[in-house]
Amino acid sequence: MASIAGSALSFARPVKAINTSSVAFSPVRKGNAFLSLQPVPMRSAVSCAAKKDTVDKVCEIVKKQLALADNHEVCGESKFSELGADSLDTVEIVMGLEEHFDISVEESSAQTIATVEDAADLIDKLVAEKA
């Protein structure tokens, strides 16, 4: 039995924590709040499905198109807007990607590209469809 003086938090019995990503408070009883841990399904992590070579090439094209310094880090999670790209820059990036990868990106697909990963995923998908 554990209690914390002055906070009205106590455990009636030892609790074995399996997954601490969900904590729920039950209704207050006799001035004490009871803490219970409940299992929660694990959320899938976001990962880049694109090939590393594709991501690396997209990073290179983005750096060139935006005239970024060599020491400026661009990675899969980099957002074009955070790199200073405006809508015209984004169109030029997409055009550069189309030229390099010999693909055609529909306007509706181009508008969904916000990050290097987004672009790389779309490129891999279009290249696979073309093959």
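The shown structure was predicted, so the numbers you read here are calculated from the model rather than taken from an experiment. Here, residue 1 is the first one in the sequence, and each next residue gets the next number.
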With a 4.5 Å limit on heavy-atom distance, are the side chains of D89 and F80 in contact? no
State, yes or no, whether a side-chain contact exists between V94 and I113 at a heavy-atom distance under 4.5 Å. yes
For E73, is the CD atom crowded, meaning more than 12 foreign heavy atoms sit under 6.0 Å from it? no
Of all heavy-atom pairs linking A119 and L97, the shortest is CB-CD1, 3.9 Å
Filter on salt bridge (Lys or Arg N to Asp or Glu O under 4.0 Å), then keep only pairs touching residues 95-113, sequence neighbours left out; what's left? D102-K130
Here the pair of heavy atoms bringing A85 nearest to L66 is CB-CD2, 3.8 Å
Taking atom CG of L126 and atom OG of S109, what is their separation to the nearest 0.5 Å? 6.5 Å
d(F101 CZ, L122 CG) to nearest 0.5 Å is 11.0 Å
Any heavy-atom pair between the side chains of H100 and I123 that's under 4.5 Å? no
When rounded to the nearest 0.5 Å, the distance separating NZ of K57 from NZ of K51 is 15.0 Å
Taking all atoms of both residues into account, what is the closest heavy-atom pair of S78 and L83, and its distance? CB-CD1, 4.0 Å
Closest non-hydrogen contact found for V55 with A120 is CG2-CB, 3.7 Å
Residues that K63 engages under side-chain hydrogen bond (donor to acceptor under 3.5 Å, both in side chains), provided they are two or more places apart: none
Residues that, via side-chain heavy atoms closer than 4.5 angstrom, fall in one hydrophobic cluster with V91: M95
Could you give the distance from CD (E117) to SG (C59), rounded to the nearest 0.5 Å? 9.0 Å
Main-chain N/O of T115 paired to D118 side chain as donor or acceptor, under 3.5 Å: yes
Determine whether T54 and D121 make a side-chain contact, defined as any pair of heavy atoms from C-beta on separated by less than 4.5 Å. no
